[in-house]
> 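I'd like to ask some things about the structure below.
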Protein chains: 2
Amino acid sequence: MLKKYFPIADWAFPYKKSNFRGDLTAGLTVGVMLIPQGMAYSMLAGLPPIYGLYASTIPLIIYAIFGTSRQLAVGPSAMIALLVGAGVSQLASPGTELYITYAIFLALMVGIIQFGLGFFRLGFIVNFLSHPVISGFTSAAALIIGLSQLKHLFGIQIARTNYVHEILINTFDQIGNIHMPTLLLGLGGMGLILFLKRMNKGIPGSLIAVILGIIIVYLFNLDETGMKIVREVPQGLPSLFLPSMDGGIIRDLLPIAVTIALVGFMESVAIAKAFQSKSKQREYKVIPNQELIGLGLANAIGSFFQAFPTTGGFSRSAVNFQAGAKTGLASIISAILIILTLLFLTPLFYYLPQAILASIIMVAVFGLIDLKEARHLWVSDRKDFYMLMVTFLSTLLIGIEEGIIVGVILSIGMVIWRVTYPHVAPLGRIPGTDLYRNLYRFPEAEHFEDILIFRFDAQLFFANTSYMTHKLEQLEEEHRGNVKLVILSAKAINGVDSTAIHALKDLAAAYKSRGIELYFADAKGPVRDAMVRGGLVKEVGRENFFGAVHEAVQYFRRVEMERFGQNIVLQTDHIQNQQN
Amino acid sequence: MLKKYFPIADWAFPYKKSNFRGDLTAGLTVGVMLIPQGMAYSMLAGLPPIYGLYASTIPLIIYAIFGTSRQLAVGPSAMIALLVGAGVSQLASPGTELYITYAIFLALMVGIIQFGLGFFRLGFIVNFLSHPVISGFTSAAALIIGLSQLKHLFGIQIARTNYVHEILINTFDQIGNIHMPTLLLGLGGMGLILFLKRMNKGIPGSLIAVILGIIIVYLFNLDETGMKIVREVPQGLPSLFLPSMDGGIIRDLLPIAVTIALVGFMESVAIAKAFQSKSKQREYKVIPNQELIGLGLANAIGSFFQAFPTTGGFSRSAVNFQAGAKTGLASIISAILIILTLLFLTPLFYYLPQAILASIIMVAVFGLIDLKEARHLWVSDRKDFYMLMVTFLSTLLIGIEEGIIVGVILSIGMVIWRVTYPHVAPLGRIPGTDLYRNLYRFPEAEHFEDILIFRFDAQLFFANTSYMTHKLEQLEEEHRGNVKLVILSAKAINGVDSTAIHALKDLAAAYKSRGIELYFADAKGPVRDAMVRGGLVKEVGRENFFGAVHEAVQYFRRVEMERFGQNIVLQTDHIQNQQN
C-alpha cells in the first residue's frame, strides 16, 4: 500500500549501498547538464534564466518520491518551455512581473490537471495521440523553437511570434543589424557542443560552452560591444510563492495548461518506458497513472517554489541512465547540486552571453526534426503520412496549441472512422474444401449466386451496425436479386451490444418478409451468449445457427433439395389431376 | 445525375398512373391526421396552433422533391416540438412575437445544419446515438411531454418547465383549481382516441375527437364556463418570412439547433429505413446523406413560409404506408389538403378546446415510454441498461438538451473504451491437436511455462497498442519470469497502423535485450503487407513469422533441442578439457 502511493519506498527503505556510486555519478552529471539547459529553456519560455534553475530543484525531489521511473530526469524541457511561452505571451508581456506570475501559476494548473488525470486513472487518454501526430507536432515545434533563437544568435531584436514565416520575415528585415561578435560566438558554441557530443556523449558540452562563453565575454569585454549577456542572476533559494488568480485568468490559461499537462505526460511516460525496458532486471515498473500523479505533484508543489512547468527530458534521462543511475536518489543529488549553485554560484553567470544559451537550444531541438519518419510513412502508410503532415502544417501555420488540438481531433476522427467502417468481406468456397475465404482476395473461391456469405471483421456495435446493413445491401445488389440465403460469418465478431442485436432482429425480419433466409455461422461463445440473452436466437430460430459456414451451406442445399423434391411430387400430382 | 440530386425524378417523370389511387387515399388520410397533430404539437412547442398548419405545407412538398423515402410523412413532431419549446423558452416568453420569430429562425438553422451534414456526407455521425441512448432519451422526453400537458387537461395555469418534479409539484399546488368540464372533455377525448385506435388504426381518431370537441363546446357554450379554447385562427396562407438575426442569438440557438437537426434526422432515417425494408419490391433506397439534404431543405425553405422545425413522424408514416402511399405524391396531396384547410376551414377551429389537443399529445407520447426495452436490457446487456438509465435520468433531471449530450458523450466514451480495451487472450494447445485456444475458456488447453501465446482480437492501432504491451506484461508475470518465447497470434488483427508497427518494433527490441524471442503467427495478408512496408519484418527477421501458432511452437522446440544438444556437446568438451 505504502509502496503503491510512495514509489520511493521501493528503493529508499532500505537503500542498497551498491546503488550509491552510480546514483552519485549520474546525479552530478545530470545536475551539471541542468544548469545550462535550465537557463536556456527558461529564456525560451520568456522568463529570466534564474527560473530555469528554480524549476530544477523541488520538482526533481517530488518526482523522486512519487514517480515510478528511476532514471527519468525531470526538469525544464524545450517543448514545454515553448508551450509556456506561446500560451502566456498572449496574456502578458514577456519579462514582466505579471508574465512570471502567470507562468508559475500555469505550473500549478498543469500539476492539478495531471494529478487529477492520474487519480481518476485517465492516463489512457494519451493513447489518442498517435505516433504520426506526435512526430508532426514535435518536428514543427522544434522548427519554431530553433528559428525563434535566431534573434539571439544574430544579436538582433524582433517581436516574439510563433509563426515560422513571421520569424523568417522579421529576421530578414533585421539582417543588416546582425551583431557579428554575437553570431561568431553563437556559431562557435554550436560547433563546440556538436563536436564534443560526437566525441563522447558523457562530456557536458553545454556546460563547457557556457564556461568558455563567460570567460571569452569577460576577457574581451564583449558586453561593451553590445553583446547581450544574462547580467544579474539573483542569489539564493526561491522564495515561497502563493498565487491567487481570478477565474478569468484561469479560464484563459486552461487550454494551454491542458496541452502542457498532456504533452508533458506523454513525453515523460514514453521516456520512462523506454528506460524501463532497457533495464534488464525489470526491477521496477512504470505505471502511467502513478506517473501522472508524480509529475502532477512535482509541478503543483514546484509552483509554490517558483518553478514553471517541467517534465522528463530525453537527453538528460539518457545521460542519467548511461552514467549509472539506479534509483531516484540520482535526481535528488542533481537537485542538491542546483540548490548549491543557486546558493553560491549565480554571480558567475553575469557575463554568460545569450547567444550561447541560444546555441544550446538550437543544438537540442534540431535533432527533434524527424524527416526520416515522414519519408518512412510516405512509403509504408500513406494515411499516417497525411496525419503527420496535417499536424505539422497546422502547428506551423495555425498555431502551436491548435496544432496539437488538430492532431487529437484527427486521431479521434481516425478511431471513429476505423470502428465505423471495419473490414468486411463476401466469402466464397475454396473448391474441394470446406473452407470459405474472402472472394476479393482468393480469385479461385467459388461464388454462389443464391447465397450471400458475409464476414464482419470487428465487434458489432452501435457505431457500425448501419455500415453492416449498408454493406449487405450493396453485396445483395451484386447478386442481382437472386439471393435466397444470407449467411453471416461471425468468426471475427468479438462482441455485440444491444443495438447490434436490434439491428440483426430487424435484418432477419426484413429478409423474412422478402423470402430470404438468414443463417449465422461461426459465432464465438460470448457472442452466442449475448445473442441468446438478447432474444435474437429465439426470434431467428435456433436451427439457423451453425458451427461453420460450410455446415450452413450444406443444410440449405439439403432443405432446398427436399423442397425441390416436393415440388416435383406436387407437379406430378398436378399432372395426374389434369389427366384424371 | 438528376435522379441523384432530385429523387422526385425517380417516380414523377413519368408518374405511374397505377400509383395514383394509393397516393390519393394515403395523402388525404395523412392530411386529415396532420390538422389536429399540427395544432397540438404547435401548442407543445409554445406556439399558436396555426403554426403547426404552416409547418404542414411547404416542408412536405420540399421533402417530396429531395427526400429518398416515398412513405415518410414529414411534418411537426412531438419530440422536435418539445425541443423547440425547451430551447426557445430560455430566450423569449412563449406566445410573444419574439418567441415565434426565434422558433421559425430555428427551423432555418436546423435546415442549414442538416443540409451541410448531408452535403459533406457526415450522416454517419448519428451512428453514435446508440439504441439504449435513444430509448432512454425518448422515454424521458415522452414523460416530460405527457406531464407538460396536464395543465391543459386540468384547465389550470402553471409556469412552463421541463423538469418533471417541478411539473408535478406545480400541478399539485393547483389541484384545487381543476376545471372539471375541461378535465372530463380531455379524458373523454383520450378515451375516444384510444378506443378508435384499438378498433381500427385507419380511423382518424384525433380528427373525430377534434370535431366532437368543437361541437360539444359550441353546443353547451363551454367556453363561457372558463374552458380554454383555441379562438381566432388566422385564415390564409403563411406570408413570406425573412428573418434577420444578430450573431448573439445565433450562438444561443446553436446548441438546440444542432440537437434538433440530429434528433430529427435520426428519427426520420430510422422510420424511412423501416418502411423501405417493408416495401417488398425494394423499388427505392433510402440514402441517409440525401435524407439530410431533403430534410435540411424542407426545414430551411419551410422557414421562409413560417414553418417551425419538422421531421418525419412514425405514426403518420405508418398510416401513409398502410393507406397505400407509393410515392411522394401522397405527401404533396397532404400538403394541398392543409393549404385548402388554411384557405377555407380555419374559422371552424374557433371553439376547439385545448384539452382535446392535450389529449391528442398525451395519447401520442405515452406509447413512446419504453419500459420493456429497459427490462430487456437489464436481463440481456447490463452495460447498455446503465447507458439507457443514465440518459433517461439526465434528460429528466439535468435537462432535455443536456440529456442527449450526455447520451452522445456516453456513446463516444463507449466507442473509445471498446477500441482501447479490445478482447485479448492467452492461448494454450488443445492436447493432441495443432489447435490453440483461449486458456481462460478451454480449461483443457495446455499451458506452456516458457511460451507465452497471445491473441489480440482487434485492429492494432494507436489507441490500443499500449493496452497490448500492458497485457503482455501482465501475462508475462503469470509465467513467473520463465518466458523464453512470446508468440503473437495475429489471426484476429484486421489492420495495423504505423504507431502499432513502432510499438511492435520496440517490443521486439525490448524482448531481445532480455533474451526473449518474439514470433508472429497467423497474420493476414494485408497485415503482413503492412508489417513488411513498415520495416517490422526486416527488423524482427523473416524467419520469426509463421503461418500458424503450432508451426511457431514446433520451430522453437526444434531450435531449443539443437541448442540443448550443443550445450551437451560443449559440456562434454568442457569435461574433456578438465580431464586433459
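Every chain is numbered from 1, with letters handed out A, B, ... down the list of sequences. No hydrogens, no waters, no symmetry mates; every other heavy atom, side chains included, goes into these values. All values derive from a computational prediction rather than experimental measurement.
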> Which bit of B:Tyr421 comes within less than 4.5 Å of chain A, counting heavy atoms only: side chain, backbone, both or neither?
side chain

> Parallel, tilted or perpendicular for B:His131 and A:His502, by the 30°/60° rule?
parallel

> Should the pair A:Lys524-B:Asp457 be classified as a salt bridge under the 4.0 Å nitrogen-to-oxygen rule?
yes

> I need the residue from B:Ala509, B:Ala458, B:Ser411, B:Ala492 with the largest number of non-hydrogen atom pairs under 4.5 Å to chain A.
B:Ser411

> Using a 4.5 angstrom heavy-atom cutoff, name the option from B:Asn464, B:Leu377, B:Asp384 with the most pairs to chain A.
B:Asp384

> Report which part of B:Val269 has an atom under 4.5 Å of a heavy atom belonging to chain A: side chain, backbone, both, or neither.
neither

> Does any backbone or side-chain atom of B:Val415 lie under 4.5 Å from a heavy atom of chain A? Answer side chain, backbone, both or neither.
both

> Report which part of B:Tyr467 has an atom under 4.5 Å of a heavy atom belonging to chain A: side chain, backbone, both, or neither.
neither

> Heavy-atom distances under 4.5 Å only: say whether B:Arg418 touches chain A with side chain, backbone, both or neither.
both

> In terms of heavy-atom proximity below 4.5 Å to chain A, should B:Ala463 be classed as side chain, backbone, both, or neither?
both

> Scan side-chain atoms only and decide if A:Lys273 and A:Gln276 contain a donor-acceptor pair under the 3.5 Å cut-off.
no

> Just so I understand: if I count every heavy-atom pair under 4.5 Å between each of A:Gly495, A:Pro288, A:Pro526 and chain B, which residue has the most?
A:Pro526

> Hey, are A:Thr68 and A:Gln290 close enough side-chain-wise for a donor-acceptor pair under 3.5 Å?
no

> Counting only heavy atoms closer than 4.5 Å, note whether B:Thr465 contacts chain A via side chain, backbone, both or neither.
neither

> Heavy-atom pairs under 4.5 Å with chain B - which of A:Ala500, A:Gly534, A:Ala510 has more of them than the others?
A:Gly534

> Name the region of B:Thr420, side chain, backbone, both or neither, that has any atom closer than 4.5 Å to a heavy atom of chain A.
side chain

> Select one option (side chain, backbone, both, neither) describing which atoms of B:Asp506 are under 4.5 Å from chain A's heavy atoms.
neither

